[in-house]
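Order of listing sets the numbers, starting from 1, for every ligand and every atom in it. This chain uses plain numbering: 1 for the first residue, then up along the sequence. Treat the numbers as computed from the prediction; the structure is a model and nothing was measured.
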Amino acid sequence: MGFSPLSLSQSLSFIMFLFHFHSTISSSHFCAPDQSLSLLQFKESFSINSSASGRCHHPKTESWKEGTGCCLWDGVSCDMKTGHVTALDLSCSMLYGTLHSNSTLFSLHHLQKLDLSDNDFNNSHISPRFGQFSNLTLLNLNSSVFAGQVPSEISHLSKLVSLDLSGNYDPSLEPISFAKLVRNLTELRELDLSRVNMSLVAPNSLTNLSSSLSSLSLWGCGLQGKFPGNIFLLPKLESLDMSYNNRLTGSFPSSNLSNVLSSLDLSNTRISVYLENDLISNLKSLEYMYLRNSNIIRSDLAPLGNLTQLILLDFSSNNFIGEIPSSLGNLVQLRYLKLDSNKFMGQIPDSLGSLLNLRTLSLYGNLFNGTIPSFLFALPSLQYLDLHNNNLIGNISELQHDSLVYLDLSNNHLHGPIPSSIFKQENLEVLILASNSKLTGEISSSICKLRFLRLLDLSNNSLSGSTPLCLGNFSNMLSVLHLGMNNLQGTIPSIFSKNNSLEYLNLNGNELEGKIPPSIISCTLLEVLDLGNNKIEDTFPYFLETLPKLQILVLKSNKLQGFVKGPTTYNSFSKLQIFDISDNNFSESLPTGYFNSLEAMMTWIKK
Ligand SMILES: *[C@@H]1O[C@H](CO)[C@@H](O)[C@H](O)[C@H]1NC(C)=O
Ligand SMILES: *[C@@H]1O[C@H](CO)[C@@H](O)[C@H](O)[C@H]1NC(C)=O
Ligand SMILES: *[C@@H]1O[C@H](CO)[C@@H](O)[C@H](O)[C@H]1NC(C)=O
Ligand SMILES: *[C@@H]1O[C@H](CO)[C@@H](O)[C@H](O)[C@H]1NC(C)=O
Ligand SMILES: *[C@@H]1O[C@H](CO)[C@@H](O)[C@H](O)[C@H]1NC(C)=O
Ligand SMILES: *[C@@H]1O[C@H](CO)[C@@H](O)[C@H](O)[C@H]1NC(C)=O
Ligand SMILES: *[C@@H]1O[C@H](CO)[C@@H](O)[C@H](O)[C@H]1NC(C)=O
Ligand SMILES: *[C@@H]1O[C@H](CO)[C@@H](O)[C@H](O)[C@H]1NC(C)=O
Ligand SMILES: *[C@@H]1O[C@H](CO)[C@@H](O)[C@H](O)[C@H]1NC(C)=O
Ligand SMILES: *[C@@H]1O[C@H](CO)[C@@H](O)[C@H](O)[C@H]1NC(C)=O
Ligand SMILES: *[C@@H]1O[C@H](CO)[C@@H](O)[C@H](O)[C@H]1NC(C)=O
Ligand SMILES: *[C@@H]1O[C@H](CO)[C@@H](O)[C@H](O)[C@H]1NC(C)=O
């Protein structure tokens, strides 16, 4: 064969080709062709569907195109030398469809990390072929709609450091598979099997998990039997979540506790916790302690004051009877303190005033009496304060800061005016001061400066003066406005802005006069409108017929008059279930015309 000399342009392009080829190999552009093909076939087997991902949305496979180096594709990482795909991160990729055992995913043998979390695999079974990824160190199938049995082949993945099968549709894990997993996955540091059905697995077998384990999350696994106290012999265990296993019994151990544990969640279990002095001293590094709705037996909480690293203490719904120990004032790192729904009594102790880092204080549903200590209103970072359902008396002091987002003081015996500083809480979203009977004074129109207010409930007090007229159009976020059962006078706010979010409007039981403002029809999301027990003088407000979501309309005991002739429009009151216009001066007492069209109400009556 002769040697044909290349023309200048030919040799140039040959050199360019060589140069290009060389640079492709030496940079990360190179991708083994079989890997590229497997990925593209994998891509083709799913649709992109925005409801398939919940937490975040990155449709990574959309950037995958034939003829481009797969190592540059979104979510793909390769070994530079071999061009093998070694990591695939397809979290939040909006993938929807079934992941079959014959998927080309399983030909990516060299994977070391695989994250398929937050997609919708439509109740696929977890294929036994996952067990073939022999070099896998990370496997994350969190919240991806997998179901069925977890295959025992998962135990072949002996290099796994992190395994997350949580948040799926109660796939089940057989005791024999779990035993193999415990025996073989000796490198595990993070294990999350939350919502995997482990009801047949003996809790005791957890104690043989990898001694490297630092995080174990098993909420809602249906575990039953005795809490495996020896789990704390795992020397590196920092985080343990066994909440929502309500058949888990036994008691929390009082010795052999881990001194590296920083987060403990035993909420909604039936594990008894005895708060002994030394137990606590064993948990020196604990930062997060969730013991909501569990069995706490020891009636003295004073030892909790030893956990000086605590950032969060949730002790709610425990039927605890007694006082808050003053030692809780030692927990100066606390940001979240929840002691609600117990039987705490006596005064809210002054010692809590030293918790200057508190952001959340939830003490509702107890038997606290005495006044609300003014130090609470001086805590510099307090955002969430809930003291409802107690026996608190006295007035509400002025707030010293403007950090509040949520304030609920309802169902107490507070009296006096609403302090003006409440209206300076620029970020306030929820304000509930209802059912104190004795809150007096006027509702300042500065309330309308609270632009982020979603819920305002001042009902069942003795507030007087006029209803601030700005209430109809100051915050487009407001969805609940309840000022019922007060002594308010004057007229109903007449301007309701377009695009408002009101779902509930209740002014029942005041002394309001005048007419029902037609601009209420701007409240297209309104479900409840209660203007009963006032002094409104008007004719029947036909314009309300078009409110598309109205379910409850109460206009009773006013001075409404005239003839109620029945529907004036097609689709009149299409969702209405309760309709009360009794005790007015209407010339016909039953607008029978409405009853024919009130289908929703009829359905409701038949129930
Ligand atoms: C999108 O996914 C949801 C479930 O996440 C499914 O119900 C729906 O049918 C899917 N839509 C399409 C077009 O596939
Ligand atoms: C989702 O699963 C259902 C029920 O098994 C099946 O009928 C449907 O075809 C599946 N959809 C997809 C996209 O895999
Ligand atoms: C993979 O398996 C599924 C279910 O067994 C089947 O419907 C599909 O055709 C198979 N796909 C290929 C490429 O063989
Ligand atoms: C797994 O890792 C080992 C050691 O790094 C390596 O020799 C082997 O080729 C890898 N196996 C696969 C299938 O990538
Ligand atoms: C698992 O998914 C849930 C819901 O999408 C999310 O709240 C949680 O943070 C995820 N866990 C991890 C470890 O990513
Ligand atoms: C344990 O892992 C090795 C690979 O490291 C595997 O060959 C063996 O089958 C596994 N054993 C079990 C019980 O899964
Ligand atoms: C968990 O598995 C047990 C035993 O197989 C079964 O009785 C139970 O209904 C399952 N629970 C759920 C939530 O699927
Ligand atoms: C834990 O492992 C040891 C040694 O392999 C074994 O003797 C013991 O029975 C195991 N315990 C449990 C509860 O599985
Ligand atoms: C604490 O652990 C040791 C072994 O590490 C064991 O002998 C002892 O019985 C354990 N104590 C309790 C109360 O479980
Ligand atoms: C723990 O708290 C109790 C009660 O407050 C106290 O008597 C005990 O000395 C404290 N223990 C330690 C180690 O601080
Ligand atoms: C608060 O309650 C305690 C007992 O529960 C009682 O001794 C005390 O007198 C009460 N204080 C006030 C101010 O009502
Ligand atoms: C609340 O009461 C205290 C004393 O009982 C009084 O000094 C204070 O001015 C009152 N605050 C308001 C806002 O009425």
Side-chain angles (χ1 to χ4, degrees), residues 32 34-35 38 50-58 77-95 105-121 123 125 129-150 156-178 187-203 213-225 238-241 243-248 263 265 268 288:
D34 66 306
Q35 306 274 292
S38 297
S50 58
S51 56
S53 297
R55 202 167 2 124
C56 38
H57 297 90
H58 304 295
S77 310
C78 298
D79 180 314
M80 304 271 207
K81 290 199 198 92
T82 61
H84 292 144
V85 176
T86 51
L88 196 53
D89 177 358
L90 293 178
S91 56
C92 308
S93 294
M94 297 152 70
L95 299 176
L105 174 72
F106 300 111
S107 22
L108 301 171
H109 299 291
H110 308 281
L111 279 179
Q112 292 163 16
K113 294 184 178 172
L114 176 57
D115 188 343
L116 298 177
S117 64
D118 203 2
N119 289 292
D120 184 345
F121 294 111
N123 289 299
H125 288 203
R129 294 190 66 192
F130 276 101
Q132 294 172 1
F133 295 121
S134 57
N135 277 353
L136 216 55
T137 58
L138 178 145
L139 178 59
N140 190 350
L141 305 182
N142 178 17
S143 301
S144 304
V145 197
F146 281 102
Q149 263 190 27
V150 176
H156 294 183
L157 305 176
S158 58
K159 294 185 181 169
L160 272 186
V161 171
S162 175
L163 174 61
D164 188 343
L165 305 180
S166 67
N168 285 297
Y169 281 54
D170 301 299
S172 59
L173 182 55
E174 296 296 305
I176 179 83
S177 304
F178 185 67
E187 310 282 317
L188 269 186
R189 278 183 245 151
E190 291 168 5
L191 179 60
D192 192 340
L193 299 177
S194 300
R195 280 201 62 186
V196 171
N197 187 344
M198 295 173 63
S199 61
L200 302 177
V201 170
L213 203 66
S214 83
S215 170
L216 177 60
S217 200
L218 299 174
W219 63 260
C221 287
L223 289 168
Q224 43 191 328
E238 288 175 22
S239 170
L240 177 65
D241 182 352
S243 59
Y244 293 91
N245 286 289
N246 55 19
R247 286 150 94 183
L248 201 56
S263 177
D265 191 345
N268 293 78
Y288 297 86

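- Shortest contact from atom 12 (C) of ligand 5 to any protein heavy atom: N142 ND2, 3.2 Å.
- Atoms of ligand 7 lying under 4.0 Å from any heavy atom of S199, numbered from 1 in the order shown and given with element: 1 (C), 2 (O), 3 (C), 4 (C).
- Using modelled atom types, no side-chain atom of E238 and backbone atom of S214 make a donor-acceptor pair closer than 3.5 Å.
- Looking at atom 9 (O) of ligand 4, its nearest protein heavy atom turns out to be N135 ND2, 4.7 Å.
- On a distance-only criterion, D118 and ligand 5 share no N/O pair closer than 3.5 Å.
- In terms of protein heavy-atom proximity, atom 13 (C) of ligand 5 is nearest to D164 OD2, 3.4 Å.
- The ligand atoms of ligand 7 that sit less than 4.0 angstrom from a heavy atom of N197 are 1 (C), 2 (O), 3 (C), 8 (C), 10 (C), 11 (N), 12 (C), 14 (O).
- Remark: minimum distance from atom 5 (O) of ligand 7 to any protein heavy atom is reached at L200 CD1, 4.4 Å.
- Protein heavy atom closest to atom 4 (C) of ligand 5, with residue, atom name and distance, is S143 OG, 3.4 Å.
- With ligand atoms numbered from 1 in the order given, ligand 4 contributes 12 (C), 13 (C), 14 (O) to contacts under 4.0 Å with heavy atoms of H110.
- Neither the backbone nor the side chain of D192 has a heavy atom within less than 4.0 Å of ligand 5.
- Annotation: H109 places no N or O atom under 3.5 Å from an N or O atom of ligand 4; distance criterion only.
- For ligand 4, the polar-atom distance check finds no N/O of S134 at less than 3.5 Å from any of the ligand's N/O atoms.
- Taking atom 7 (O) of ligand 5 as the reference point, the nearest protein heavy-atom neighbour is R55 CD, 4.7 Å.
- For atom 2 (O) of ligand 4, the protein comes within 4.0 Å by at least one heavy atom.
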